[in-house]
> 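Quick one: structure below, then a few questions.
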Amino acid sequence: MSRPFYITTTLPYVNDKPHVGHALEFVQADALARSRRLRDDEVFFNTGTDEHGQKIYDKAVKEGRDVKEYVDFYAERFTALKEKLNLSYDAFIRTTDEKHIQAAQEIWKRCEAAGDIYKKNYKTKYCVGCELEKTDSELVEGKCPIHLNLELQIVDEENYFFKLSKYKDALLAYLAGDVVTPLARKNDAINFVNGDGFQDFSISRLKEKMSWGIPVPGDESQVMYVWFDALTNYISTLDWPNESADSNFTKYWMNGETLQVAGKDQVRMQSIMWQAMLLSANVPPTQHVFYHGFITSGGQKMSKSLGNVLDPFDYAEEFGIDAVRYFFLRHVHPFEDSDFTRERFVESYNAGLANGLGNLASRVMKMAEEHLTEPVVVAEKEDFTDYFALLDAFKFNEASDLIWQKIAECDALIQESQPFKVVKDDAEKGRALIADLAVRLYTIGRMLNPLMPSTSQIIKDAVKANKKPENMFSRREA
RNA sequence: CGCGGGGUAGAGCAGUAGUAGCUCGCCAGGCUCAUAACCUGGAGGUCGCGGGUGCGAAUCCCGCCCCCGCAACCA
């Protein structure tokens with residue numbers, strides 16, 4: 001039943017170091033990828049970095065750095081996450097990669113061939129903060145409501161446009177399907193398509209004003225708009241436009257299941273612009289996009305001035321990678337904003353990991369090590385239907401709860417059947433009870449694989465070796 | 001009429017129609033294999049307010065009240 005499964009995060013824009021939001025998205029995507037591999041699906045897990053655009057160009061210039069050197073510097077901060085978060089991605093695409101540049105130019109040509117790109121002299125207001133055009137109806141007191149401190153740029157030049165308006169009906173038909181989770185985001189998308197903001201958009205800039213972009217095919221005076229370029233990464237990473245039968249593109253995008261993971265502010269780009277580009281280029285749209293919520297701190301958006309910015313990598317350092325993954329997956333709501341504070345983190349760490357999982361592993365394996373003469377026989381194949389169904393629905397929290405229910409069951413079972421006592425009077429019966437617990441622990445270990453891969457391995461190894469593991473999660477004070 | 005999120009036990013949260021749940025804290029008991037961990041029981045909730053639909057509503061509909069976010073970074 002092996003089937004190809006493609007999953008991708010959005011590409012972080014490399015104008016700063018990775019933060020908690022990136023960490024959340026990567027960990028969620030990683031859990032999904034691992035859960036598919038656990039089912040023997042063939043997985044292609046993509047991530048990477050978005051490296052073009054005016055904002056990056058401006059910042060590099062401002063810091064007096066060569067732009068390429070600047071993006072290299074930040075791209076490295078993101079590739080380092082593979083180790084820091086124990087990610088299992090298969091590809092890391094950079095939009096400055098040669099194969100990506102060629103793919104971006106190719107999709108441009110396809111859209112152009114479809115008659116969807118035209119040149120227009122236009123004048124508009126542009127927010128560099130969003131890297132988006134703004135219509136007057138979107139403005140508050142003449143400024144972008146999201147970036148009130150930035151003056152809008154007045155763009156007055158001849159640019160290329162993409163005929164988004166042509167795809168109104170096609171997009172509505174697409175959005176009517178099961179293509180967006182959660183429902184609130186699907187409604188956002190439909191409302192946008194039906195609203196005033198749904199208009200053709202500029203997809204190029206005059207090179208003389210903004211040189212840091214991919215050249216427009218056939219017009220050396222223009223470079224591509226950053227979004228038009230960046231979105232193409234989802235297929236350039238699959239070596240598109242190589243559409244041969246044995247290409248990754250054919251295997252995963254044409255014949256596989258495709259899934260994008262994105263933040264809840266990405267609806268307009270991922271489910272509208274990008275899908276319209278694909279329709280224009282005659283490439284199938286993404287089958288599903290999952291939009292996660294944001295992480296707040298102390299009930300407020302993290303901000304440097306409030307001093308409530310939490311660095312997940314500090315926590316990974318202090319508590320271990322799996323503790324951070326545990327928090328993100330079990331105690332962060334998949335769709336809504338969630339609060340992340342040290343108090344909450346330590347509380348859930350102590351309750352779920354030290355007292356719960358870690359303690360159970362210790363008590364079971366201590367008995368097993370002492371009383372079993374050899375490791376229990378364990379199976380690699382079990383029925384995790386409910387568990388996988390929850391993961392497939394992006395309900396990482398509820399999926400986790402299933403595992404912790406099993407942990408609680410084991411604790412209660414030990415209390416009731418008292419194998420530590422029984423084994424003294426009736427060795428055979430006691431050993432049977434202990435063996436059963438070891439098997440249960442192994443199952444818990446297997447289920448943990450997508451969420452906490454290292455911990456999963458430690459538990460499985462301990463059961464197989466019939467040896468009590470070192471304390472995995474020691475209690476912490478707040 | 002800005003946009004969005006939210007109001008469920010002392011605190012923090014889950015729960016989109018069918019006997020109100022989780023974590024922490026508190027009280028009482030138990031166990032001793034284990035990381036002062038674990039188990040059982042208990043106290044504690046008009047699920048913001050008022051209407052409506054339903055056999056049945058925290059959950060759906062209408063109205064109202066209150067709280068939070070909407071420089072920069074940005075998922």
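Since we're looking at a predicted model, the values are computed, not measured. Convention: sequence-line order gives letters A, B, ...; per-chain numbering from 1.
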> What class does the angle between the rings of F473(A) and Y349(A) fall in, given that below 30° is parallel, 30 to 60° is tilted and above 60° is perpendicular?
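Geometry flag for Y349(A) against F473(A): perpendicular rings.
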> Could you please name the option among C39(B), U35(B), C31(B) that lies closest to any side-chain atom of K421(A)?
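The listed nucleotide nearest to K421(A)'s side chain is C31(B).
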> How does RNA chain B read in dot-bracket, base by base from 5' to 3', with Watson-Crick or G-U pairs under 3.5 Å and | used when the partner is on another strand?
.(((((((.[[[[.)..(..]]]].(((((.......))))).....[[[[[..)....]]]]])))))).....
> Contact class for R344(A) (heavy atom, under 4.0 Å): base, sugar-phosphate, or nothing?
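If one applies the 4.0 Å heavy-atom cut-off, R344(A) turns out to touch the sugar-phosphate alone, with no base involved.
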> Can you check the distance between C3(B) and U46(B), where both ends of the measurement are the C1' atom (answer in whole Å)?
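My reading of the C1' atoms in C3(B) and U46(B) gives 33 Å.
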> Assess the side chains of N355(A) and R475(A): does a donor N or O sit below 3.5 Å from an acceptor N or O?
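Checked: N355(A)/R475(A) side chains pair up, N/O donor to acceptor below 3.5 Å.
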> Looking only at side-chain atoms of E25(A), point me to the closest of A37(B), A75(B), U23(B).
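Side chain of E25(A) sits closest to A75(B).
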> Of all the nucleotides listed (A37(B), A75(B), C31(B)), which has the minimum atom distance to the side chain of F420(A)?
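When the side chain of F420(A) is considered, C31(B) is the closest of A37(B), A75(B), C31(B).
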> Base, sugar-phosphate, or nothing: which does M472(A) touch, judged by heavy atoms less than 4.0 Å apart?
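Counting heavy atoms under 4.0 Å across all strands, the contact made by M472(A) includes a base.
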> OP1 or OP2 of A14(B) versus the side-chain N and O atoms of H333(A): is any pair under 4.0 Å?
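It does, given that an N or O in the side chain of H333(A) lies less than 4.0 Å from OP1 or OP2 of A14(B).
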> Between G30(B) and Q415(A), counting only base atoms on the nucleotide and side-chain atoms on the residue, is there a donor-acceptor pair under 3.5 Å?
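Between G30(B) and Q415(A), which were checked side chain against base, a qualifying N/O pair under 3.5 Å is present.
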> Please tell me which of the listed nucleotides, C13(B), U23(B), A34(B), lies nearest to the side chain of D339(A)?
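From the listed options, C13(B) comes nearest.
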> Base, sugar-phosphate, or nothing for Y291(A), non-hydrogen atoms under 4.0 angstrom?
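Contact class for Y291(A): none.
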> Is Q266(A) touching bases, backbone alone, or none of the nucleic acid, heavy atoms closer than 4.0 Å?
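Result for Q266(A) = sugar-phosphate.
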> What's the closest nucleotide to the side chain of I295(A) if the choices are C33(B), A37(B), A75(B)?
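In terms of side-chain proximity for I295(A), the closest of C33(B), A37(B), A75(B) is A75(B).
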> Which whole-number value in Å describes the distance from I414(A) CD1 to U35(B) P?
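After rounding, the gap between these two atoms is 13 Å.
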> Once each nucleotide of nucleotides 4-11 of chain B is scored for protein heavy atoms under 4.0 Å, what B/S/- sequence comes out, 5' to 3'?
-SS-----
> Can you identify which nucleotide, out of C33(B), C31(B), A75(B), has its nearest atom closest to the R363(A) side chain?
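The listed nucleotide nearest to R363(A)'s side chain is C33(B).
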